[in-house]
Asker: 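Structure incoming, see below.
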Amino acid sequence: MELTHLWGILFISLHAMVPITLAAIGETIEESAGLFNIGLEGILLFGALAGALGAQASGSALVGLLTGMGVGALIGLVFGTISTSLRGSQLISGVGINLLALGFVALMLSVMGAPGFHSVAREVQVPLIPLGVGNLSPLVPITVAVAIGVWWLLRRTQLGIWIRAVGENPAAADVAGIRVNRVRLGAAVAAGVLAGLAGAYLSIDWFGAVTKEITAGRGFIALAIVVFSGLNPLLALLGGFIFGFFDGLATWVATYPGIKDIIPWQFVAMMPYVVTLAVVAGMIGRVRFPSALGVPYLRE
Amino acid sequence: MSSPSSWIRNLTPITESLLAGVVGLVIGAFIMLAFGYNPLAAYRSLFVGSVGSVYSWAELFANATPLILTALTFAIAMRGGLFNIGAEGQLYMGALAAVSVSLLHLPAPFNWIVAILAAMVAGMIWSLPVALLKLGRGVHEVISTIMFNWIAHFFAFYLIANVLTDPQRGERTIAVSESARLTRVFPDATLSSGLFISLVTVGVIFFLLWRTSTGFEIRSVGYNPHASHYAGISIRKQVLRVFLIGGAIAGLAGAIVVMGRPPYYAVLSGLPQLVNLGFDGIGVAMIGRNHPIGIVFAAIFFGGLMTGGRIMQFDPGVPFELVRVIQGVIILALAIPELRRLFFLARERLAGRK
Amino acid sequence: MKTRSDSGPVLDKGDVLLEARGLSKGFPGVWEHLILDQLDFDVRSGEVHTLLGENGAGKTVIANILSGYYEKTEGEIRVKGKLVHFRSPREGLAHGIAMVHQELMLVPAFTVAENIMVGLDAPLFSYGIAGVEKRIQRLVERYGLQVDPKARVEDLSAGQQQRVEILKVLFHEPEVLLLDEPTSLLTPSEADQLFVVLRAMADDGKGIVFISHKMREVFAVSDRVTVLKLGKTQGTCQIAETNEDELTRRTFGETVPDYMERPEVAHEELALNTIEMVPSGLEKKPNSQGISLKIRCGEIMGLAGVSGNGQTELIEAVTGLVPPASGEVWILNADMTGRTPKEFIERGVAHIPERRREIGIVEQMHVAENVVLKDYRKTPFSKNTVLRHQQISSHAEKIVEKFNALVPDLWQTECRILSGGNIQRLILGRETWRKPPVIIASHPTEGLDAKAIRHTWELFLALRAEGSAVLLVSEDLDEIMSLSDRIAVMFEGKIMGIVDGKGADREILGHWMAGGTASAA
Amino acid sequence: MLVFGDDVVSKMRRNEVNKWFFRMVGLVATLFMLAGGPFMASASAAGKIALVLDVGGRGDLSFNDMGFKGSDEAVANLGVEVVEIQSNSAADYLPNMQNAARSGQFDLIVAVGFLIADAMAEVAGQFPDQKFAIIDVTWLGKPNLMEIGYEENKGSAIVGALSAMVAAHYGYDKIGAVLGIEIPVLYKFEAGYRYGMHWGNAKYAEETGKASDVGLLWTYTGTFSDIAKGKAATEAMLAQGAGVIYNVAGPLGIGDLEAITEHLEAKGKSAGPPFMIGVDANQDYLGDGHRVLASMMKRVDFGVYSAIESVVNGTFEGGVQILGPHNGGIAMSGEQDLADFIQFGVNGGAIGASDRQAIIQNWTGMREDIPAWIWEAVAELQAQISDGTAEVPCGWCPDTIKEIRAKYPD
C-alpha cells in the first residue's frame, strides 16, 4: 500500500470519527449524570438540518455550527425536562425524539424544494485545513479538544464531581444540597449541544448537504461507543476512531481491484461492526456504569 | 377486586395512552397548520383511511401483524431486564430462512410449518451470540445488538445477491413456494392469516410470562436479579432464555412478512419490506408498556397511523413524513406519566376561571 | 484541645441553638397515624442531647426535618430564636445545621475527598481536591477519625465509611450536628472514640443531637436525653437525674431476658459444617484464615460481631450465593461447595437476609408471588411449569395470617409499598413454613415491634425444638444472648471464639468483637 | 415516600379524569365524522394522475426526482393534476396502488421503480379498466399497463467510453464506479460502463497511436443513503489514480462530488479532472459546472411525461416501450438540457439562481478543454449503439454479470 493510501485512510477515519465521537461524548456527560438518551440519532438529524439552514441563512459556517448546537440544546432540553421534572421515561422519550426527527426533517426538506435533499453551498461549508497530505476538517482537532475538555470537566472539576455524584447516588447528592434534576437537565442540554454540533458537521462540513437519511445509524453507533468507553471521553475518542478507521478501511479496501475475488464486498462491509464487537469482547473487565443510570430521581 | 372503581382504575393505562394520542394529534395539527395543510381534512382521511372500511381495517391489521411480534421481542427482554434492540437483524435472518426453505421442495402440508420453524431457529441463532457475548465476556447487549443488526444487514445483502437470488428476477430472492404461503383473509387486502399467528404468539407470551414458572423467573430476574439469585433462580439461564425466545419471535416476524404479505413472498433487495420493522417494534412495545395485550393495541394504533397515513397523501395531500412526526409527538407525550395530572390541573384551572 | 475552628462563631454554652415546637409529620396514604405528633425539642450549645427510642419511634424523621431533608407537616423550628423554614438540606447547612445519616449517603465510586467535594459550594470549574485532602488530614488529626482522603469509599470498611460521613459534615463547620445512629456500624472501641470526638465538638460550643437505641451509649455520651415512643415524646431529662432502668422502661416498656430458657435438644447430626472455609471476598484480607463452624441440628448458633467483619461474606458462602474462595461447605452431610443457591435451597437451607428489600423480595412483584419466591417451581404451586394461582393464593393467605402481615391484597399489592416490618413478616413466613433443617437468619428482628420480636424469637425456639439449626447473625447482643445455645464472635473475617449461650459474659464478647483475644472463662 | 402519598391522591383523581376522557374521545370521533363530505374529490379537467414511488422517495437528485420532473412538466404543460404517493415500506406498494385504483379518481397511475412490479401485476389485473404505467419493468404484459424500460447499459457504455478516453487524455490510468445496493438494474450500469471503457481504450489507441490501458475501480457500497460511503469510496479511488468517477448510487453522488471537490481544493483547484459522471438526471450543474464531466441521463421524466401525455391525448396503449439512445430516453448530457436542469437544481435547493451564468460558463470551458475527437468518438459510439452495430451487454442477473466481468475485465 502506498503512503498516500495510508494518509487517505487516516483522514477518512478522522472525519468519520468526528460525528460519532461528539455525539458519544455528549451522551457520556448525560449518562454520567444518570440519563440515558437513545434519541441521539434524532438529535443528529435535527442538528444536520439546523446547521445547513443556519449556515445558508447567515452565509457563515460558524453560525451554521452554532445553529446546530442551539437546536440540539433545545431537543436536549425537551428530553431533559421530560426525564427530570416531568418524571418521564427516558427510553420512551428517546425513541420519540428519533421518530419525530425522522418525520420532521423529511417534512422540512420536502417543503424546501426537492423533498429529501438540501445542499449546502461550498462557500458556507466549514473550510478545511490543507495539510499537504490531505485536507483536515477543523472539527477534528475540535473533537479531540472536546474529548480532553470533557474528560477534564468530568474528572477534574467541581462541576464534574457534581455531575457524576448525581449519576452515582442522587440521594447522596441531594442531601449534599445539589439540585439533582437541575444538574441532569444541564447535562441533557450539553449532550444536545454536542450531538447538534455533530449533526451540523455532517451537513455543512463532511457532506455539504442534508438528506433525510444523512445520519445513517451513526447515533446508534455512538450509543455503542459510549458503552465501549465506559463513560471515559478519551476512550470514546479512541472508540470513535477505531470504528471510523475500520468503516473507512472497509469502504476503501472494497475498491481495490481483485479484492472481490477473495471476499465478497458484503463481508468487507461488516468489518467495522465485527471489529468493534471483537474489541469490546476482548476488553478486560466489565465497564461500570453509574448506579442510578436511567433511573428517575424522586426524593423519598 | 372487581369493584367498579377498580375496573375503571385498571383502564388508566389505556386512557393514558389515548390521552397521549390526542395530545400527539393536537400538536400534529398545529404542525400541519404551520406547513399549510388542513388538519381537519387530514385527520378525516387518516381516520377514514385507517378504520373507515373493512378493507382499511384489514390493512391496519396487516401493518400491525409484524409489529406485534417485533414489539414482543423487545418487551420480553425488557421484562427480563435486558435491552434487546436486535429484533431488526433477527427479523432479516428469519425472513431469509423462511425463503430458503422453498429450496427444499417439501410436500405441501409441512412446508409452511418448516418455513416458520426455520425462521424461528434462524432468529434464535442470530440472537445466540448476543447472549453468549453477554454471559461470557460481559458485552452489553446494546453494543452487540446494534452491531449484529448491521452484520445481518450486509449478510442479507450477500444472500439476496448471491445465494437466494431468483434467476429470472435479480431484484429479489426466490419466492416462498405456493404451499408455504399464508392464506389471504380478503382477496384484495394484504392481510393474511399471519395475524392469527401473531395473536396466538401474544397469547403464548402472555401465558408464559404470567402463568408459568419460566415467566415468573424471567420477570423476577428483570425486576431484581439479586433477589432472584437469592431465590435460586439462575440469571444466566434467563439471559439465554430471553434472547432465544426474543430471537425466535423476531424470526417469526420475518417469516410472516415474506410468507404472508402479498404480493411478494420474497425478500426484495435492499430489504424494503423489512427495514425498520424491528425498530418500530420498540416504539410499539413502549406504547404498549411492554405488556402483550398493550402491545396488540399499540400495534393497532401504529398500524392505523401507517394505513391512514397512506390515504392522507391522497386528498389533503399531506406528506407521509407528517405521520412520523405525529408518531414521534405521541410517543414523547406517552413518556410523561405526569401528563394525566397536568391535564387534570389545566382543566381544573380552566374550570376555576369560569 | 480548645482550638476553635478557623471560621466557627464563638458560642456561649447553654444558648439554645435549635428549637422545635409542636412538630408534626404525617405521610398520608402510607401511615394512618402521624409519624411525629406535637413534638417539642431543643438542643443547646455545648451539650450532647440524645434522642432515645425504639425503631420506628420517629427519631430519624425528627433529624430529617430539622436538617431540611423532609418538610414538616406542622409546627415551627427556630435557629437561635429565629423562625426558619428549610426547603432543602443546603438551607439547613447554611444555618449551621448538619446531619449524619444512618444509611451511608456516599458515592461508592468516589474517593473520600471527592465525596466531601460533592457537598462543597465551590466555583463550577475549580478543583480544590488538594486543599480538601489537606483539610481532611487536619480534621482527621484533630478528631482522631482515621481515614485516608485518597481512598476509594467502596474499598473502605463500614466503620471507615461512617467516619467519612462525619467528616463530610464537619467540613461545613456546623453549629448543630445531628447524628442518626452513628454507632450502628462501629466497634465498641470505635464508638468510644466517636464519643470522645462528640464530646470535643460539644466542648467547642457545638450542639450535638445523638440518636440511639442503645442504653450503654446514652450514658456514655449524653448530657440530656429525650425518650421518643411512636412519634410522641416521653419527656426530656438530664442524664444525671435518671438511670438505666427508668429509661429502659420508658423506651421499651419491658426489659428483655438475658437468656430464654429452653429444653435440651439432643442431636448429633451436623446441620451446617464449614471446613477451613474462606468466603469469597475475605481471601484478600491480611491473615485471612479458614472458618470452621459446626452447627448441630436443634441448635441456635449466635454470630455476634460489628457489621462489616465478614458476616455478609460468610452468609453468602453458606447459602450458596457466592461460592467460597477455598475450603468446603457441608449441609446435612453433603458437600455443597460450589453448588448453586437453588441446590442449597433444595437441600433445606433457608435464608432470612439482612438487606430484605434489596435481596429478600422482588419489590415490584405482588405479595403472593413473593411468598412463593422460592417455592413457585415446586408442587403444589406449579405443575409442569404452569403456575397454579389457587394453591399459591391459599398458601400466601395462610402465611400472611400466621405472621400478622398487613397486606391489602395478595395479587394487587406490590411489595414495594409494604413497610419494612411487614416485608420481614412475609420473609419469615416464606423461609420457615417448611421447617427447614438449616436457617440462616441475619438481623431477623430489625424493624419489628416488640410483640413481633417476641413472636419471632418463639418461632426460632420452636423450630429449634423440631430439629432445625439456626445461624443467627445480629449486631444486637441482647438478641444473641437471649436466643443462642452457643455464641461465636466474628472479627475481621475470623471467628474469635465460641462460648455457650447460657451464662455468656457480655464483656468477653465485647472484647472479642473489638478484636481482643481474651479467652472465655 | 412522598411519591406514594402523591399516588394515592392521584388515584382518587384518576376516575374523574377517566370519565372526562371518554367523553372527549367521543367528541373527537364525532368531529372526524362531521369534518368531511364525501371522501372522493372530483377530478380536474385535463386529468388526474397518481405517482406512486418506491421507498427511496424524493431527494435523490436522480431516479425518483426525475420521475417527479416528468409529472411536474405534465402539470405545467398538460394541465393535469398529480398526486404523489410515497411508500414508507415495500408493504405499502400494493395498498398504495390499490387505494389509488379503487378511488377511481385517477386517469392514470404511474409506478416508479421495479420493486413495485409484483404489486403492479396484481392491481393491473384487478382493475382492468384503470390505466397504469410502470417505470423500469418490462415483463408484466397487461393490456391496461404501459411498461417503460430503459437501456441503462447503453447509456453507461457511452459515458464509459468518454470516461476512459478523458482519463487517458489527462494521464490517469483508472476510472471508477461507485454503485449502490447490488441490484440487477445496477448490473446493467456496470456492464455498460465496462463495455464502454474497453471501447474507449481501443478508440484512444486508434486515435492517438498511444496504447491506453485505463482500468476500472468499482465497488458496491450497499447503500443508497449513507453519503459517507460514497465519499470514502471516491477518495479511495482518487488515491488509486482514478480520473473519472461514475456515480451509480443516487444520493451518494453528493459524497462522490464532495470528495472530488476537496481533492481539487487540496491542490488549489476548482475544476476537474478528476471528474464525476452523474446519473439518471443531468447532474452537470453540480460542482460549479466543472467537476461533473457528463451525466448518463435516464429520462424517467420522459417516460412519465409520455405516459401521461398519451392518456391526455387518448392514445394510451398497453405494452412495453423501450427508451434508449435511439429515442433519447437514454442520453449523455449535453448543452441543450443544461439550462433546464440548472432550474431543476435551483428548485431543489442544490444551487442558487445567481450561479446560473457561472455554471454554464464553467461547463462550456470544461467541455472545450477536452479534444474534439473525443466528443466525436462518443457520438460515433452513440450512433453505433443506436443502429445496433455496437452490441452492449446487459447484465440483468448475477450469472450474466459474472460473464461480463470476465469478458470486460477491470
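Convention: sequence-line order gives letters A, B, ...; per-chain numbering from 1.
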Asker: Determine, stepwise, if the pair A:I38 / B:F83 fulfils side-chain contact (heavy atoms from CB on, under 4.5 Å).
Answerer: CA-CA 11 Å; A:I38 200 176; B:F83 199 71; 3.5 Å; yes
Asker: Do you know which of A:I221, A:V226, A:L277 has the most heavy-atom pairs under 4.5 Å to chain B?
Answerer: A:L277
Asker: Considering only heavy atoms, which portion of B:F157 lies under 4.5 Å from any heavy atom of chain A: side chain, backbone, both, or neither?
Answerer: both
Asker: Heavy-atom pairs under 4.5 Å with chain B - which of A:L223, A:V78, A:N98, A:L91 has more of them than the others?
Answerer: A:L91
Asker: Within this structure, what is the CD1-OG1 distance for the pair B:I336 and A:T81, rounded to the nearest 0.5 Å?
Answerer: 9.0 Å
Asker: Kindly indicate whether the side chain of B:F35, heavy atoms from C-beta on, has any atom under 4.5 Å from the side chain of A:M108.
Answerer: yes
Asker: For B:A285, which atoms come within 4.5 Å of any heavy atom of chain A: side chain, backbone, both, or neither?
Answerer: neither
Asker: Return yes if some donor-acceptor pair links the side-chain N/O of B:R137 with the main-chain N/O of A:A281 below 3.5 Å, else return no.
Answerer: yes
Asker: Between B:N149 and chain A, which part of the residue has a heavy atom less than 4.5 Å away: side chain, backbone, both or neither?
Answerer: neither
Asker: Relative to the ring of A:Y273, is the ring of B:W150 parallel (under 30°), tilted (30 to 60°) or perpendicular (over 60°)?
Answerer: parallel
Asker: First locate atom CG of B:L332, then atom CG of A:L86, and finally report the distance between them rounded to the nearest 0.5 Å.
Answerer: 11.0 Å
Asker: Other residues, nucleotides and ligands only: do more than 12 of their heavy atoms fall within 6.0 Å of CZ on B:F297?
Answerer: no
Asker: Among A:L107, A:L100, A:V95, which has the most heavy-atom pairs under 4.5 Å with chain B?
Answerer: A:L107
Asker: Less than 4.5 Å to any heavy atom of chain B: does that hold for the side chain of A:V105, its backbone, both, or neither?
Answerer: neither
Asker: Provide the closest heavy-atom pair for A:Q266 versus B:N162 in the form atom of the first, atom of the second, distance.
Answerer: NE2-ND2, 3.7 Å
Asker: Measure the CZ-CD1 distance between A:F220 and B:I85 for me, rounded to the nearest 0.5 Å.
Answerer: 6.5 Å
Asker: So which heavy atom on B:F302 is nearest to which on A:L99, and how close?
Answerer: CZ-CD1, 4.1 Å
Asker: Say you draw a straight line from CE of B:M147 to CZ of A:F243; how long is it, rounded to the nearest 0.5 Å?
Answerer: 5.5 Å
Asker: Can you say whether B:F155 sits under 4.5 Å from chain A via the side chain, the backbone, both, or neither, judging by heavy atoms?
Answerer: both
Asker: Tell me if the centroids of the rings in A:F267 and B:Y158 come within less than 6.0 Å of each other.
Answerer: yes
Asker: In terms of heavy-atom proximity below 4.5 Å to chain A, should B:I151 be classed as side chain, backbone, both, or neither?
Answerer: both
Asker: Between atom NZ of A:K212 and atom CZ of B:R324, what is the distance when rounded to the nearest 0.5 Å?
Answerer: 11.0 Å
Asker: State, to 0.1 Å, how close B:A335 and A:S93 come at their nearest heavy-atom pair, and which atoms those are.
Answerer: CB-N, 3.6 Å
Asker: So which residue, A:G103, A:G39, A:P264, A:A101, ends up with the most heavy-atom pairs under 4.5 Å with chain B?
Answerer: A:G103
Asker: Quick one: what part of B:I326 sits under 4.5 Å from any heavy atom of chain A, side chain, backbone, both or neither?
Answerer: neither
